[in-house]
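Below is one structure, written out as structure tokens, with a few remarks after it.
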Amino acid sequence: MCNLQKSFLLFLSILMISVFSFAQNDINSPYSSFGVGNLSSRANIVSSSMGGVGYALQNPYYINFKNPASYTAFDSLSFIADLSFCFTNQQLRTQTQDYKGSFAQLDYLAIGLPVLKVWRTSAGIMPFSDIGFGILDIHQVDTFGTVTNQYKGTGGLQLLYWGNAFKICKGLSLGINLSYLFGTMNNISFAEYEMENSFNTMITNFRYLDGIHLSVGLQYQTSIKEKHQLGFGAVYENALKVWSRENLLILNYADIYSPNSYFDTIMVRIGKNALKSDLKMPHIVGGGISYGYKDKLIAAVDITWQNWKNFSISNTNDSLKNNLITAIGIQFIPNPTSSKYYNKINFRAGTKFATGYIILNDTPISEFAVSVGLGFPLRAFNTRSSANIMFEYSKLGTLKNNLILQNYYKLSFNFILQEKWYQRRKLE
């Protein structure tokens with residue numbers, strides 16, 4: 001069996017594991033209770049190391065699924081497999097309390113390969129959003145005394161994509177990602193009353209989601225005096241409707257909740273009787289520009305606008321606002337053609353700021369992130385395969401107005417394997 005076949009079988013095995021791994025979620029973020037949860041950047045490790053830029057980037061040695069038009073850069077005789085995983089440490093702070101936790105998960109898995117001279121294709125899976133929170137609210141009500149409300153949530157959405165890119169003319173390419181969006185949004189809430197002879201309430205809401213997502217991208221690449229390269233890119237993502245099947249169970253019970261409590265069923269809507277509705281996702285528009293010098297230096301700027309104000313779930317708005325994301329990144333290689341290994345190492349850095357799409361206590365929940373990364377050629381395979389590492393610090397929210405500040409420290413690892421896809425043998 002040739003190396004390519006072995007690589008392809010390994011990819012399929014990892015893909016099956018990844019489908020189940022992405023469904024696991026260990027985050028703890030109260031802000032993930034809004035919208036569809038905490039959103040993933042949906043950028044490869046190279047782009048993430050550069051602040052998440054990618055709309056105008058094009059490279060034959062990695063898969064830039066942020067703009068499907070970039071696939072046209074794939075080598076005509078090579079197969080690319082890209083696997084990334086990460087370790088995240090999170091810290092949540094309020095004015096009076098602190099929480100720390102950590103978890104590991106797969107970031108994404110993708111492949112890319114040529115089809116025809118003007119046609120390239122790619123496929124992969126990655127997280128779209130993560131949900132994980134536990135909220136305890138204890139307050140006084142005149143007629144009931146102390147009321148304890150608990151809210152728990154888990155789940156998230158995953159994106160399984162198939163992309164195709166076509167060369168329109170010299171320097172200009174068009175790409176389309178057709179994606180299947182699927183996942184769950186699970187919520188359990190309790191209302192418990194201190195008053196005697198009262199019944200408490202538990203509401204269980206398990207929502208199953210799936211839908212088709214479309215992303216269209218354009219790129220134009222040009223050279224100036226051979227040493228300088230300019231790139232322009234734009235992407236549009238449709239405002240899709242995701243189908244929702246909501247299993248709802250409402251119970252009353254006495255005293256503190258336990259499996260042995262006496263339950264009085266108020267409502268059951270499961271299986272064939274599940275509530276069917278739509279979840280309306282926002283449309284997204286992004287654009288970017290990049291500058292390169294002699295394959296040594298790349299700098300890029302991206303701007304993304306997300307229309308979360310029109311988001312709705314079961315015909316109910318979630319009081320969200322539109323989000324504007326600005327990213328800046330740079331990559332430097334001392335000497336790509338040098339015979340010395342350390343001169344071929346890729347150095348990357350970037351920053352990102354998002355105005356935020358959540359508003360609480362009249363305060364936008366903005367996000368700020370900085371990242372650095374390194375890329376190492378893998379001589380054991382070939383000079384085009386690489387291992388990459390990235391460290392990212394990000395903060396979400398604020399301590400103002402009795403809100404929560406979330407700090408994230410993320411360490412990501414990535415392996416990009418490039419093998420010969422097909423070569424016609426020459427007969428002597």
Side-chain angles (χ1 to χ4, degrees), residues 15-16 18-25 27 31-43 65-68 105-110 121-132 153-165 175-187 205-217 235-248 269-286 304-323 325 357-358:
L15 177 60
M16 297 302 295
S18 301
V19 171
F20 296 102
S21 298
F22 283 128
Q24 305 301 315
N25 180 22
I27 72 163
Y31 296 128
S32 69
S33 62
F34 296 90
V36 293
N38 287 356
L39 300 176
S40 167
S41 63
R42 288 185 286 150
F65 34 77
K66 192 166 184 179
N67 188 339
Q105 65 179 10
L106 285 168
D107 257 345
Y108 62 85
L109 177 64
T121 191
S122 176
I125 185 171
M126 69 192 71
F128 185 90
S129 68
D130 291 314
I131 300 173
T154 59
L157 299 178
Q158 291 77 47
L159 196 70
L160 184 64
Y161 82 91
W162 175 44
N164 292 276
I176 300 174
N177 274 346
L178 180 64
S179 306
Y180 176 57
L181 191 67
F182 65 98
T184 61
M185 297 173 64
N186 306 322
N187 294 280
N205 186 319
F206 286 175
R207 190 185 299 270
Y208 299 90
L209 305 166
D210 62 345
I212 302 299
H213 182 258
L214 188 66
S215 174
V216 180
V235 169
Y236 171 77
E237 299 183 25
N238 68 319
L240 77 161
K241 284 188 176 182
V242 180
W243 300 289
S244 168
R245 296 172 302 283
E246 182 180 356
N247 291 324
L248 181 64
R269 296 293 299 270
I270 61 176
K272 295 181 180 179
N273 296 320
L275 301 173
K276 296 181 180 179
S277 60
D278 292 328
L279 184 149
K280 186 179 180 182
M281 299 290 289
H283 62 257
I284 299 172
V285 179
T304 306
W305 182 75
Q306 301 173 331
N307 182 220
W308 283 101
K309 191 173 183 179
N310 289 338
F311 172 85
S312 66
I313 183 168
S314 299
N315 297 318
T316 302
N317 292 327
D318 208 0
S319 300
L320 305 180
K321 74 180 190 74
N322 297 335
N323 189 23
I325 305 171
Y357 64 97
I358 302 171

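In this text, all values refer to a predicted model and were calculated from it rather than measured experimentally.
- In this structure the side chain of Arg207 reaches within 4.5 angstrom of the side chain of Glu246, judged on heavy atoms.
- Counting heavy atoms from C-beta outward, Leu159 and Leu181 have side chains that approach closer than 4.5 Å.
- At least one side-chain heavy atom of Asp130 sits less than 4.5 Å from a side-chain heavy atom of Gln105.
- Donor-acceptor pairing under 3.5 Å is recorded for the side chains of Thr121 and Trp162.
- The CZ atom of Phe311 sits 13.5 Å away from atom CG of Asn323, with the distance rounded to the nearest 0.5 Å.
- A pairwise comparison of heavy atoms in Val242 and Gly211 identifies CG1-N, 4.1 Å as the closest pair.
- Contact annotation: the side chain of Ile358 approaches that of Leu320 to within less than 4.5 Å [non-hydrogen atoms, C-beta and beyond].
- A pairwise comparison of heavy atoms in Val235 and Gly217 identifies CG2-CA, 4.1 Å as the closest pair.
- Scanning all heavy atoms of the two residues, the minimum distance from Ser32 to Gly132 falls at OG-N, 3.1 Å.
- Of all non-hydrogen atoms in Pro68 and Ala165, the two that sit nearest each other are O-CB, 3.2 Å.
- Note that CH2 of Trp305 is 10.0 Å distant from CD1 of Ile284, once rounded to the nearest 0.5 Å.
- Of all non-hydrogen atoms in Tyr31 and Asn38, the two that sit nearest each other are C-OD1, 3.8 Å.
- A heavy-atom distance below 4.5 Å is found between the side chains of Met185 and Ile313.
- One finds the CG atom of Leu157 at 6.5 Å from the CZ atom of Phe128 (value rounded to the nearest 0.5 Å).
- Atom OG of Ser244 sits about 5.0 Å away from atom CG of Leu209, to the nearest 0.5 Å.
- Side-chain atoms of Ser40 come within 3.5 Å of backbone N or O of Arg42 as a donor-acceptor pair.
- Judged as a side chain to side chain contact (heavy atoms under 4.5 Å, CB included), and not counting sequence neighbours, the contacts of Tyr208 are Thr184, Phe206, Arg245, Asn247.
- The side chain to side chain contact (heavy atoms under 4.5 Å, CB included) check on Leu178 picks up Ile212, Leu214, with sequence neighbours excluded.
- Aromatic rings of His283 and Trp308 (six-membered ring for Trp) have centroids beyond the 6.0 Å cut-off, not under it.
- For the 3.5 Å distance criterion, the side chains of Asn322 and Tyr357 fail to qualify, holding no donor opposite an acceptor.
- In plain terms, the two heavy atoms of Gln158 and Gly183 that are nearest each other are OE1-CA, 3.9 Å.
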Run the side-chain donor-acceptor check on residues 274-282: report pairs under 3.5 Å with partners two or more places apart or on a different chain.
unit_1	atom_1	unit_2	atom_2	d
Ser277	OG	Ser314	OG	3.0

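- Inspection of the Ser215 and Tyr161 side chains reveals no N or O donor paired with an N or O acceptor under 3.5 Å.
- Taking CG of Leu109 as the reference point, atom CE of Met126 lies at 9.5 Å (rounded to 0.5 Å).
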